[in-house]
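Single-structure report; data block below.
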Amino acid sequence: MSAMSHEFDLSLATVLSPADKPGMRTDRLTALTAQWEAVHEAAAAVGILAQLGEEEESEEIRSLPQRALELGGLNLESVARDVDDLAAVMQPGLRALLSLTATGHDTTSAALTLWREFHCARAAILALAPPE
């Protein structure tokens with residue numbers, strides 16, 4: 001048996017991650033956009049509980065998923081992972097705040113703390129895919 005007994009079609013080889021392949025880009029953008037919007041919906045509710053009101057989102061914030069997709073590779077993976085991590089903090093945090101509010105507790109201080117954590121995390125995520 002020769003060393004070249006296995007043939008490989010090198011035209012199928014790619015250095016792109018599965019998320020960077022053209023057929024998966026739309027799905028990835030849709031999923032990342034939905035997660036990014038959900039995190040901001042939770043943050044809006046936290047802002048109200050912190051008595052700060054709703055924040056108006058800039059184009060820089062809204063366009064993060066598209067910028068991350070355009071960067072692709074590790075940048076896209078880092079943004080997606082960090083948005084997932086942020087959602088993992090915001091969802092239970094908001095649930096806890098709403099539960100306490102429902103029982104008549106003042107959640108202003110706790111909501112403000114979560115709001116600040118959200119902003120710090122979001123700034124770090126935005127730095128991974130800065131606007132041009």
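The structure presented is a predicted model; accordingly, all values stated were derived computationally and were not measured.
Ring geometry, His40 versus Trp36: the interplanar angle exceeds 60°, so the pair is classed perpendicular (tilted spans 30 to 60°).
Side-chain polar atoms of His119 and Arg122 form a donor-acceptor pair below 3.5 angstrom. Looking only at atom types and distance, the side chain of Thr107 has no donor-acceptor partner in the side chain of His105 under 3.5 Å away.
To the nearest 0.5 Å, atoms CD (Glu77) and CG (Asp82) are separated by 11.0 Å. A distance of 12.0 Å separates CG in Leu69 from OG in Ser63, rounded to the nearest 0.5 Å. Going from atom CD1 of Ile48 over to atom CD of Glu55 covers 12.0 Å, rounded to the nearest 0.5 Å. Rounded to the nearest 0.5 Å, atoms CG (Leu49) and OG (Ser109) are 12.5 Å apart. Within the model, atoms CG of Leu32 and CG of Leu76 stand 6.5 Å from one another, a figure rounded to the nearest 0.5 Å. Between the CD atom of Glu57 and the CG atom of Leu64 there is a distance of 11.0 Å, given to the nearest 0.5 Å.
Nearest heavy-atom pair, Gln66 versus Leu29, reported as atom, atom and distance to 0.1 Å: OE1-CD2, 3.2 Å. The shortest non-hydrogen separation linking Ala111 to Ala50 is CB-N, 3.5 Å. Taking both residues in full, the closest heavy atoms of Leu126 and Glu60 are given as CD2-O, 3.9 Å, listed atom of the first, atom of the second, then distance. The minimum heavy-atom distance between Pro92 and Ala87, with the atom names listed, is CD-O, 4.1 Å.
Looking only at distances, no side-chain donor or acceptor of Thr33 sits under 3.5 Å from a matching main-chain atom of Thr30. Under a 3.5 Å cut-off, the side chain of Ser99 and the backbone N or O of Arg95 do not form any donor-acceptor pair.
Leu112 and Leu94 end up in the same hydrophobic cluster when Ile, Leu, Val, Met, Phe, Trp and Tyr side chains are linked at under 4.5 Å.
By the 4.0 Å N-to-carboxylate-O rule, Arg67 lies too far from Glu70 to be salt-bridged with it.
Residues Leu128 and Asn75 have side chains not in contact (no heavy-atom distance under 4.5 Å, counting atoms from C-beta outward). Counting heavy atoms from C-beta outward, Val89 and Phe118 have side chains that stay 4.5 Å or more apart. Looking at Leu52 and Val46, their side chains never come closer than 4.5 Å, going by heavy atoms from C-beta outward. Val79 has its side chain within reach of Ile125: a pair of non-hydrogen atoms, C-beta onward, lies under 4.5 Å apart.
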